[in-house]
Amino acid sequence: FGAGPLAGLEAGLFHARYPEVFVAAGDMPFLSPGLVSEALRRLRSSGACAAVPRVGGRWEPLCAAYSREALDHASRALDEGVRAVRDLVEALPVVAELTAEDLRRFGDPELLLMNVNSPEDLARAREAAGGE
């Protein structure tokens, strides 16, 4: 307990039935199927351990595709006390980066990667969704 999303990623990779998985935070209301498909395609075609959006210099590791090859890296990171998924991404040997330009094909990158963590975020999400 208390190991956060990295422990969830490790468990998901361990139990995955397929060689690739897509991971998304549960508070991303504007995530698009096109972005999911592109991340998985990029992962497969690159031979990387992960395909992760990087916008404004920041990795978005909870909206990314991971190969089961990342499992050993995640387990090792947890054993070493790492809890941030971004730190795992930085330590992976090969990461396919999805840029803001890549994301624009599927919508506004800021909306696609938006997390709703506060009442203010929820108000912005409702406004972006047309007030619903």
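Residue numbers count from 1 along this sequence. Note: hydrogens, waters and symmetry copies are ignored here, and every other heavy atom, side chains too, is used. No experiment lies behind these values; they were computed from the predicted model shown.
Taking both residues in full, the closest heavy atoms of Leu43 and Ala48 are given as CD1-O, 3.3 Å, listed atom of the first, atom of the second, then distance. Between Ala39 and Phe22 the shortest heavy-atom distance is CB-CE1, 3.8 Å. What you find for Arg44 and Glu20 is that their closest heavy atoms are NE-OE1, 3.2 Å. Across all their heavy atoms, Ala125 and Met114 have their closest contact at N-CE, 3.6 Å. When all heavy atoms of Pro109 and Ala100 are compared, the pair lying nearest together is CG-O, 3.6 Å. Minimum heavy-atom separation, Leu111 to Ala128: CD2-CB, 3.6 Å.
No continuous path of ILVMFWY side-chain contacts below 4.5 Å connects Val116 to Leu113, so the two sit in separate hydrophobic clusters. Hydrophobic clustering (ILVMFWY, side-chain heavy atoms < 4.5 Å, transitive): Val55 and Met28 are in one cluster. Linking Ile, Leu, Val, Met, Phe, Trp and Tyr whenever their side-chain heavy atoms come within less than 4.5 Å leaves Leu31 and Val52 in two separate clusters. The cluster map of Ile, Leu, Val, Met, Phe, Trp and Tyr, joined by side-chain heavy atoms under 4.5 Å apart, puts Leu78 and Val89 in the same cluster. Leu35 and Leu62 are members of different hydrophobic clusters when ILVMFWY side chains are connected at heavy-atom separations under 4.5 Å.
Using a cutoff of 4.0 Å between basic side-chain nitrogens and carboxylate oxygens, Glu120 and Arg124 are not scored as salt-bridged.
Distance check: Ser32 OG to Asp108 CG gives 11.5 Å after rounding to the nearest 0.5 Å. Of the inter-residue distances, the one linking Leu71 atom CG with Arg76 atom CZ reads 10.0 Å to the nearest 0.5 angstrom. Atom CG in Leu88 sits 8.0 Å away from atom NE2 in His73 (nearest 0.5 Å).
Arg83 contributes no side-chain N or O that, together with a main-chain N or O of Leu6, makes up a donor-acceptor pair within less than 3.5 Å. Of the possible polar contacts, none joining the Ser67 side chain to the Ala70 backbone as a donor-acceptor pair under 3.5 Å is found. Without hydrogens or angle criteria, Asp102 side chain to Thr99 main chain gives a donor-acceptor distance under 3.5 Å. For Arg68 (side chain) and Ala16 (main-chain N/O), a donor-acceptor pair under 3.5 Å exists by modelled atom type. Listed for the Arg86 side chain is a donor-acceptor partner under 3.5 Å among the backbone atoms of Trp59. Within the 3.5 Å criterion, the main-chain N or O of Pro61 finds a donor-acceptor partner in the side chain of Tyr66.
The 12-atom threshold is not exceeded at CD of Glu110, counting heavy atoms of other residues, nucleotides or ligands nearer than 6.0 Å. Within 6.0 Å of atom CD in Glu69, 12 or fewer heavy atoms from other residues, nucleotides or ligands are found, so the atom counts as exposed in its surroundings.
Arg41 is not listed as a side-chain neighbour of Ser37, based on a closest heavy-atom distance of 4.5 Å or more. Using a 4.5 Å heavy-atom cutoff, the side chains of Arg54 and Leu98 are not in contact.
With no hydrogens or angles considered, no side-chain donor-acceptor pair links Ser75 and Asp72 at under 3.5 Å.
A search for side chain to side chain donor-acceptor pair (under 3.5 Å) contacts involving Asp27 returns Asn115, not counting sequence neighbours.
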